[in-house]
Structure formats: structure tokens, C-alpha cells
Amino acid sequence: MSEPILRCTNLSVGWNRKAILPAISFELRPGEFWAVIGRNGCGKSTWFKTILGMIPPVEGEVHCAPDVRMGYVPQRSAFDEIYPMTGRQVVALGADRGWSFLMPHTAEKRAAIQHAIDQVGAAPFADRPFRSLSEGQKQRVLLARLVTARAQVAFLDEPTAAMDAVAEEEALTQVDRIRKELGTAVVIVSHNLDVARHHADHVVYLDRNQVAAGTAEEIFALPSFRKRYAASLDDERGGWKEEPTNA
């Protein structure tokens, strides 16, 4: 088994030194696919931002392997659209981060940008203004940007929220292919249980009263998880269906 590239030890997240979730410990290794699931407002984004170093932990620590490259695709609405960039220029921002700043904009680098655009199916609209694209098209551009950044760990916050079912499955398949080709560890927040059921090999379950990390089978077997999401587990469509609180 490979060495962890990221380790959380008794990590509590929150604001103003007040934890909003119980503490959690887990290890992330190259090539793993983790799904983060939990109710709206339970603290998933806060958990993400703490691991990325954007906000300090309440307790515990996050330890990354030396020089690990981390990529983050936020919820689509969080991306700044002020700058009049094309989709290709947005992708190139990832290349500027993933390649040495001493390296000129070589043919090899341009080819890498084009490869990333082709890999996520963004070629038909890559040269259009980013802010003119549909929400699903913007998300594909941001995925291509992640590829060019050569991230070793990719954090994706609901990357397929604006896509229909067909586009969502295509995007998840592309993410999985990127993971396998580059050995990138993927950590993805999603409200679609199919992400955990059909794509992820590990799951982080976040709830105000309980957090857990383990294989998908281990998390799905938790009594608290089954009580809350029993209908979803039995539904082949995989959308969230929470049980009534008095169930």
C-alpha cells in the first residue's frame, strides 16, 4: 500500500474556535476516489476549506506530503467571472500553476492545454468567453483547468450540480479516467448517491452528530446512514431521499 499523501488527525472544523462537526481522522492515498456526502448545511464546504488551508482547524491537524500539488474546483457560482477570459485562457491558468514558471509557453505546454480540453469534451466551446458558457460548459472548463494543473489531490465541490443526468455521468467518467491516468486522488462532494455507489471507493460521511470515513460498503452499513438515506440506497436512480426525522 502506498504512503498517504494527506492525513487528517482528530480534525475538528468550524468557525471562531467552535466546532460544527465531530472530529475525524483519515488518510488519503494516490489514486483513491473519495465521495463526501451529507445534508445541506452540515459543513462540507467548511471541511473542504479547512483541509485546503483556507481556514484554520478548531482542533487536530492536516498533514500533507512534501510538495504535494492540490487542486480545487469550487461550486460553479464561486468562480470569479469578472475577467473577460475565454474558456481556453481559464484552462491555461491551470497550466501556469502546474508547470514551472521558468518554462516558456512551449508547443508542449500548448499541447497539454489542448489535451485537457479534449479530455473533458470542452473543445467545441473552448474559445468562447467563459462567462457566456452554460453552467455545465463552465464546469467542464474548470475540470480541464484541474487537469493542466497536474494536481496530485483534486477537491471538487459539487462539480456536476448544473448538469443533466447524461452530462453528469459523462463528467464523472472523465474524472475517473483522469484519476486513473494521472494517479490523482479525487475528493468530491455530491448530492447524488450514485457518485459514492458507482464511482467512489471510499466515503466521508458528515453529519452534525456523527462523522465517519471508510469504504463505501462500511459507510453504507452504518445504522445512522441507513436510517437517514434508506430510500436512496434502495433507489437505482441514486438521488437523495431523506427519511422523515421521526422514522
Side-chain angles (χ1 to χ4, degrees), residues 2-8 11 26-38 44-55 62-79 87 90-99 112-113 115-122 135-163 167-192 194-196 198-204 206 213 216:
S2 59
E3 289 295 313
I5 54 176
L6 185 147
R7 178 185 292 112
C8 294
L11 179 67
F26 79 99
E27 296 179 342
L28 179 68
R29 289 177 168 80
E32 291 182 338
F33 195 131
W34 285 74
V36 181
I37 53 182
K44 296 188 296 295
S45 293
T46 301
W47 186 81
F48 255 35
K49 291 175 182 178
T50 303
I51 292 178
L52 288 165
M54 299 168 68
I55 58 176
V62 178
H63 176 75
C64 296
D67 301 318
V68 65
R69 296 188 300 277
M70 302 177 73
Y72 176 45
V73 176
Q75 294 185 26
R76 240 292 310 130
S77 59
F79 192 80
V90 171
V91 176
L93 292 175
D96 291 339
R97 179 182 178 186
W99 298 63
I113 293 170
H115 174 71
I117 290 171
D118 292 338
Q119 199 168 22
V120 302
E135 295 303 300
Q137 290 170 338
K138 289 173 182 175
Q139 198 60 265
R140 288 177 184 269
V141 167
L142 295 180
L143 287 175
R145 178 172 173 254
L146 186 70
V147 173
T148 61
R150 297 182 173 186
Q152 294 167 288
V153 184
F155 288 88
L156 298 89
D157 195 350
E158 298 189 41
T160 62
M163 299 181 186
E168 179 179 48
E169 182 59 29
E170 289 176 350
L172 290 171
T173 299
Q174 290 160 356
V175 169
D176 205 27
R177 185 170 63 248
I178 291 166
R179 174 181 70 90
K180 293 173 180 176
E181 289 183 0
L182 303 181
T184 302
V186 173
V187 184
I188 181 171
V189 166
S190 178
H191 281 80
N192 188 340
D194 275 344
V195 174
H198 298 312
H199 294 278
D201 42 36
H202 295 79
V203 173
V204 173
L206 301 180

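With hydrogens and angles ignored, the 3.5 Å screen pairs a side-chain donor or acceptor of Arg140 with a backbone N or O of Val120. Looking at Arg150, its side chain never comes within 3.5 Å of a backbone N or O of Leu182 through a donor-acceptor pair. Between the side chain of Glu32 and the backbone N or O of Arg29, at least one donor-acceptor pair lies under 3.5 Å. Of the possible polar contacts, one joining the Lys44 side chain to the Gly38 backbone as a donor-acceptor pair under 3.5 Å is found.
Residues Val203 and Ala196 come closest through the heavy atom pair CG2-CB, 3.9 Å. The shortest non-hydrogen separation linking Ala65 to Pro4 is CB-O, 4.4 Å. Shortest non-hydrogen contact noted between Val91 and Ala144 is CG2-CB, 3.7 Å. The minimum heavy-atom distance between Met70 and Cys64, with the atom names listed, is SD-SG, 3.8 Å. Here the closest non-hydrogen pair linking Ala116 and Thr148 is CB-CG2, 3.4 Å.
Considering NE2 of His199 and CG of Leu172, their distance stands at 4.5 Å, rounded to 0.5 Å. Note: Trp47 CH2 to Leu11 CG = 8.0 Å, rounded to the nearest 0.5 Å. Of the inter-residue distances, the one linking Gln139 atom CD with Arg145 atom CZ reads 11.0 Å to the nearest 0.5 angstrom. The distance from atom CG of Asp67 to atom CD of Gln152, rounded to the nearest 0.5 Å, is 8.5 Å. Atom NE2 of His63 is separated from atom SG of Cys8 by 11.0 Å, given to the nearest 0.5 angstrom. To the nearest 0.5 angstrom, Leu93 atom CG is 9.0 Å from Ile113 atom CD1.
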Could you walk me through whether Val62 and Arg7 pass side-chain contact (heavy atoms from CB on, under 4.5 Å), step by step? CA-CA 6 Å; Val62 178; Arg7 178 185 292 112; over 6 Å; no

Would Phe48 and Phe155 count as a ring pair (Phe, Tyr, Trp, His ring centres under 6.0 Å) if you check the C-alpha gap in whole Å, the side-chain angles of each, and the deciding distance to 0.1 Å? CA-CA 8 Å; Phe48 255 35; Phe155 288 88; 5.3 Å; yes

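A 4.5 Å side-chain heavy-atom check between Thr184 and Val153 finds every atom pair outside the cut-off. You'll find the side chain of Val204 stays beyond 4.5 Å of the side chain of Ile37, heavy atoms only. Residues Val175 and Ile188 are not in side-chain contact: their nearest non-hydrogen atoms beyond the backbone lie 4.5 Å or more apart. Two residues are said to be in side-chain contact when any heavy atoms from C-beta on lie closer than 4.5 Å; Leu156 and Val189 fail this criterion.
Applying the side-chain contact (heavy atoms from CB on, under 4.5 Å) rule to Ala200 yields the partners Phe33, Ala35; only residues at least two apart in sequence or on another chain are considered. Residues meeting the side-chain contact (heavy atoms from CB on, under 4.5 Å) test with Ser45, sequence neighbours left out: Gln75, Asp157. Residues meeting the side-chain contact (heavy atoms from CB on, under 4.5 Å) test with Gln137, sequence neighbours left out: Phe125, Arg128, Leu133, Ser134.
Test Val187, Ile51, Val68 against Leu6 for side-chain contact (heavy atoms from CB on, under 4.5 Å) and you get one pass: Ile51.
Ring geometry for Trp34 versus His202: interplanar angle under 30°, hence parallel rather than tilted (30 to 60°).
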